[in-house]
J.: 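One structure, as structure tokens, below. Some questions next.
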Amino acid sequence: MTISGDNSSNLIAIAKKTRQAALKLAVLSTEAKNQAIEAIAQALESAQEEILQANVADCQMAAKEGIAKPLYKRLQLDEHKLRDAIAGVRDVGKLPDPVGAVQIHRELDTGLILKRITCPLGVLGIIFEARPEAAIQIVSLAIKSGNGVILKGGKEAIRSCEAIVKAIKQGLSQTAVNPDAVQLLTTREEILELLKLDKYVDLIIPRGSNSFVRFVQENTRIPVLGHADGICHLYIDKAADIDKAIAITVDAKIQYPAACNAIETLLIHADIAPKILPKIAESLQVQNVELKGDERTRKILNNIPVATDEDWETEYSDLILSIKIVDSLEEAIAHINDYGSKHTDAIVTEDGEAAETFLALVNAAGVYHNCSTRFADGFRYGFGAEVGISTQQMPPRGPVGLEGLVTYKYQVTGAGHIVANYTGADAKSFTHKNFI
């Protein structure tokens with residue numbers, strides 16, 4: 001069901017329906033959930049033309065309205081992106097079921113047994129800009145983890161999202177999963193109403209610009225999982241292999257510059273800068289990357305604008321890169337920890353000790369050695385897909401897949417046991433015997 005308007009009572013009714021469907025989904029077998037996931041994949045394949053045509057219409061309207069270039073790139077859904085998204089759905093079906101895992105199995109006393117068992121969160125509220133394929137990833141992860149989901153895509157992707165959710169619901173209608181477990185909201189007004197539904201929604205996951213994520217965080221009592229910024233760094237150490245450094249820099253910047261895991265700042269050790277900077281600049285400028293630099297960088301690369309303090313704090317999401325020369329590994333780490341967003345940061349070096357220091361001291365969800373930051377992705381990590389990337393200190397952190405969509409509960413089974421027998425002068429003792 002697609003709902004519109006600002007009728008909060010209608011949204012509450014939809015949320016209640018989603019929760020009821022989620023309660024039944026939570027106790028389905030792994031086989032039943034996997035059958036539902038395969039049905040979603042098949043329905044999306046059958047609806048491919050309808051989905052792609054809807055996306056073309058969205059892109060045409062967005063272009064007329066002057067949408068920002070990075071957002072337009074995220075909005076585009078071609079045959080290859082859709083194919084990869086459907087492959088991701090099937091990959092989720094192959095993953096172990098995260099629900100029902102016994103994390104603790106312990107005898108407290110004879111006949112008194114404690115278990116800690118994983119269980120679904122309940123209902124997820126996902127608010128995302130552009131990227132219609134995000135709806136596909138999120139729904140597959142929600143079904144596998146036993147959660148209902150209320151989706152709110154951006155207005156720029158409304159036709160794409162409607163076509164995708166229509167196909168998903170058609171697929172689910174042939175399975176044990178009630179299609180009411182998946183809902184789509186279509187108006188901006190519904191965002192604020194959704195954020196008020198702390199009685200029915202258990203987790204909000206926003207995916208979009210930093211200002212948008214902050215808005216969500218500041219306007220709800222529901223727990224929020226997400227990241228506001230994607231200011232990622234690459235540090236080229238004095239012991240770097242030059243060919244590796246150039247290839248990694250180019251990939252981390254241009255492979256998909258609109259992504260939150262593309263680098264925005266390049267740090268280079270002063271000892272290697274004169275040798276490598278001209279080669280890096282040539283490789284980037286031929287790809288139309290605009291370079292900015294600190295004063296030391298500008299002495300090596302003529303005619304590039306100065307990088308200001310504001311640049312170090314900016315997520316460009318575009319073909320723009322700021323460059324800074326540093327005198328030591330320690331200075332590079334300090335810069336990253338000062339200006340980074342705790343998303344993903346990388347070092348290129350052949351010095352194992354320098355790499356270990358970097359990986360240990362950089363405060364980010366992802367820290368890489370001799371590889372591109374663009375690997376920060378749930379699909380590439382083998383999660384099948386991701387619902388988002390979290391830069392918070394507490395887990396889940398980094399790309400969030402199934403493990404971030406379950407919680408746990410404690411189950412205690414006794415045979416008439418009472419606490420009074422374990423207190424006082426003749427108190428019984430606990431055995432606290434672990435079975436696993």
J.: So which atom in V123 and which in A22 form the shortest heavy-atom distance, rounded to 0.1 Å?
T.: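 Here V123 and A22 meet closest at CG2-CB, 4.3 Å.
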J.: Ignoring hydrogens and geometry, is there a side-chain-to-backbone donor-acceptor pair from S390 to R397 under 3.5 Å?
T.: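 Not a single qualifying donor-acceptor pair exists.
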J.: When you compare the side chain of L329 with that of I347, does any pair of heavy atoms fall below 4.5 Å?
T.: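 In short, these two side chains touch, coming nearer than 4.5 Å.
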J.: At what distance, to the nearest 0.5 angstrom, does CD1 of I126 lie from CG of L203?
T.: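 So the CD1 of I126 and the CG of L203 are separated by 7.0 Å.
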J.: Minimum heavy-atom separation for R207 and E386, please, with both atom names.
T.: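 Looking at all heavy atoms of both residues, the shortest contact is NH1-O, 3.3 Å.
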J.: For N261 and T344, does a side-chain donor sit closer than 3.5 Å to a side-chain acceptor?
T.: no
J.: If you measure from the Lys or Arg side-chain nitrogens to the Asp or Glu carboxylate oxygens, is any gap between D97 and K33 under 4.0 Å?
T.: yes
J.: Considering only NZ, NE, NH1 and NH2 on the basic side and carboxylate oxygens on the acidic side, decide whether R83 and E133 come within less than 4.0 Å.
T.: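 Looking at E133 together with R83, the answer is no, because their closest N to O distance does not fall below 4.0 Å.
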J.: Taking atom CZ as the centre, does F212 end up with more than 12 heavy-atom neighbours from other residues, nucleotides or ligands that are less than 6.0 angstrom away?
T.: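 Yes, because the 6.0 Å sphere around CZ of F212 holds more than 12 heavy atoms from other groups.
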J.: What's the separation between atom CD in Q60 and atom CG in N55, rounded to the nearest 0.5 Å?
T.: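 These two atoms lie 10.0 Å from each other.
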J.: Taking the side chain as everything from C-beta on, heavy atoms only, tell me whether V89 gets closer than 4.5 Å to I136.
T.: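 They are in side-chain contact.
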J.: Does P120 reach the side chain of S145, with side-chain heavy atoms less than 4.5 Å apart?
T.: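 A side-chain contact under 4.5 Å is absent here.
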J.: For the side chain of Q392 and the backbone of M394, is there at least one donor-acceptor N/O pair under 3.5 Å apart?
T.: yes
J.: Quick test of your reading of the model: are E193 and K196 salt-bridged, counting only N-O distances below 4.0 Å?
T.: yes
J.: On a heavy-atom basis, which atom in K81 and which in Y256 lie closest, and how many Å separate them?
T.: NZ-OH, 3.9 Å
J.: Is a side-chain donor or acceptor of D198 paired with a backbone partner of R221 at a separation under 3.5 angstrom?
T.: no
J.: Working to the nearest 0.5 angstrom, can you tell me the gap between I143 CD1 and I138 CD1?
T.: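 So the CD1 of I143 and the CD1 of I138 are separated by 12.5 Å.
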J.: Apply ring pair (Phe, Tyr, Trp, His ring centres under 6.0 Å) to H335 and list each qualifying residue two or more places apart in sequence or on a separate chain.
T.: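 H335 satisfies ring pair (Phe, Tyr, Trp, His ring centres under 6.0 Å) with H233, W312, Y339 once adjacent residues are dropped.
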J.: So, does D345 use its side chain to make a donor-acceptor pair with the main chain of C232 at under 3.5 Å?
T.: no
J.: Heavy-atom count around E403 CD within 6.0 Å, excluding the residue itself: above 12?
T.: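 Yes, enclosed.
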J.: Return yes if a side-chain donor-acceptor contact under 3.5 Å exists between T187 and E190, otherwise no.
T.: yes
J.: Looking at E264 and K253, is any side-chain nitrogen of the basic one under 4.0 Å from a carboxylate oxygen of the acidic one?
T.: yes
J.: Does a side-chain heavy-atom distance below 4.5 Å link L291 with L266?
T.: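 SC-SC contact between L291 and L266 ruled out.
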J.: Side chains of T349 and Y235: donor-acceptor distance under 3.5 Å anywhere?
T.: no
J.: In sequence, state the C-alpha distance, the side-chain angles, and the governing distance for L321 and I263, and then conclude on side-chain contact (heavy atoms from CB on, under 4.5 Å).
T.: CA-CA 8 Å; L321 182 67; I263 59 169; 4.0 Å; yes
J.: Tell me whether the count of non-hydrogen atoms from other residues, nucleotides or ligands lying under 6.0 Å of NZ in K166 goes above 12.
T.: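 Counting other residues, nucleotides and ligands, NZ of K166 stays at 12 neighbours or fewer.
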J.: Do V216 and I204 have side-chain heavy atoms sitting under 4.5 Å apart?
T.: yes
J.: Applying ring pair (Phe, Tyr, Trp, His ring centres under 6.0 Å), can you list everything that pairs with H432, at least two apart in sequence or on another chain?
T.: F430
J.: Under the side-chain contact (heavy atoms from CB on, under 4.5 Å) criterion, do Q137 and R131 qualify, and how do the steps go?
T.: CA-CA 11 Å; Q137 297 175 349; R131 288 197 66 196; 3.7 Å; yes
J.: Using atom types as modelled and distance alone, determine if a side-chain donor or acceptor of K152 lies under 3.5 Å from a backbone N or O of I191.
T.: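 Not confirmed, K152 side chain does not pair with I191 backbone.
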J.: Nearest 0.5 Å please: distance from the CG atom of L25 over to the OG1 atom of T18.
T.: 11.5 Å
J.: Short question: side chain of T407, backbone of L121 - any donor-acceptor pair under 3.5 Å?
T.: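 No; judged by distance alone, with no hydrogens or angles, the pair does not exist.
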J.: Given side chains that start at C-beta, do those of V102 and R116 come closer than 4.5 Å, heavy atoms only?
T.: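 No, every pair of side-chain atoms sits at 4.5 Å or beyond.
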J.: Report yes or no: do T314 and D311 form a side-chain donor-acceptor pair below 3.5 Å?
T.: no
J.: The test is side-chain contact (heavy atoms from CB on, under 4.5 Å); show your working for V177 and L28 and say whether it passes.
T.: CA-CA 8 Å; V177 176; L28 285 182; 3.7 Å; yes
J.: Does the side chain of R90 come within less than 4.5 Å of I37's, by heavy atoms?
T.: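 In short, these two side chains do not touch, never coming nearer than 4.5 Å.
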J.: Roughly how far apart are D243 CG and I248 CD1, rounded to 0.5 Å?
T.: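 Reported to 0.5 Å precision, the distance equals 10.5 Å.
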J.: As an exercise, state the distance from OG of S328 to CG of D237, rounded to the nearest 0.5 Å.
T.: 10.0 Å
J.: What heavy-atom pair brings I164 and P132 nearest, and what distance separates the two atoms?
T.: CD1-O, 3.5 Å
J.: Using a strict 4.0 Å threshold on nitrogen-to-oxygen distance, state whether R74 and E129 make a salt bridge.
T.: no
J.: If we ignore hydrogens and angles and just use 3.5 Å, is the side chain of D58 paired with the main-chain N or O of S160 as donor and acceptor?
T.: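 Yes; judged by distance alone, with no hydrogens or angles, the pair exists.
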J.: Do T175 side-chain atoms and A36 backbone N/O form a donor-acceptor pair below 3.5 Å?
T.: no
J.: Are R19 and Y200 in a cation-pi setup, meaning NZ or CZ lies under 6.0 angstrom from the ring centre and within 45 degrees of the ring axis?
T.: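 No; the conditions do not both hold, so R19 does not lie above the ring face of Y200.
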J.: Check whether any side-chain N or O of E315 sits under 3.5 Å from a backbone N or O of G230 as a donor-acceptor pair, and report yes or no.
T.: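 At least one qualifying donor-acceptor pair exists.
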J.: Do N34 and K144 have side-chain atoms, one donor and one acceptor, less than 3.5 Å apart?
T.: yes
J.: What are the two closest non-hydrogen atoms of D294 and I325, and how far apart are they?
T.: OD2-N, 3.3 Å
J.: With a 4.5 Å limit on heavy-atom distance, are the side chains of C161 and F128 in contact?
T.: yes
J.: Crowded around R380 CZ? As in, over 12 foreign heavy atoms under 6.0 Å?
T.: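 Yes - once you tally the heavy atoms of other residues, nucleotides and ligands closer than 6.0 Å, there are more than 12.
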J.: Given 3.5 Å as the limit, does a donor-acceptor pair link the side chain of K115 with the main chain of Q411, or not?
T.: no
J.: Salt bridge (Lys or Arg N to Asp or Glu O under 4.0 Å) for D318 and K69? Distances and angles first, verdict last.
T.: CA-CA 8 Å; D318 204 349; K69 187 168 68 171; 3.6 Å; yes
J.: Could you please spell out the steps behind the side-chain contact (heavy atoms from CB on, under 4.5 Å) verdict for K292 and K324?
T.: CA-CA 9 Å; K292 299 183 178 185; K324 182 178 182 179; over 6 Å; no
J.: Indicate the atoms forming the closest heavy-atom contact of N288 with L319, along with that distance.
T.: O-CB, 3.7 Å
J.: Is it true that, when you exclude Q393 itself, more than 12 heavy atoms of the residues, nucleotides or ligands shown sit nearer than 6.0 Å to its CD?
T.: yes
J.: State which residues pass ring pair (Phe, Tyr, Trp, His ring centres under 6.0 Å) with H369; sequence neighbours excluded, sorted by chain then number.
T.: none
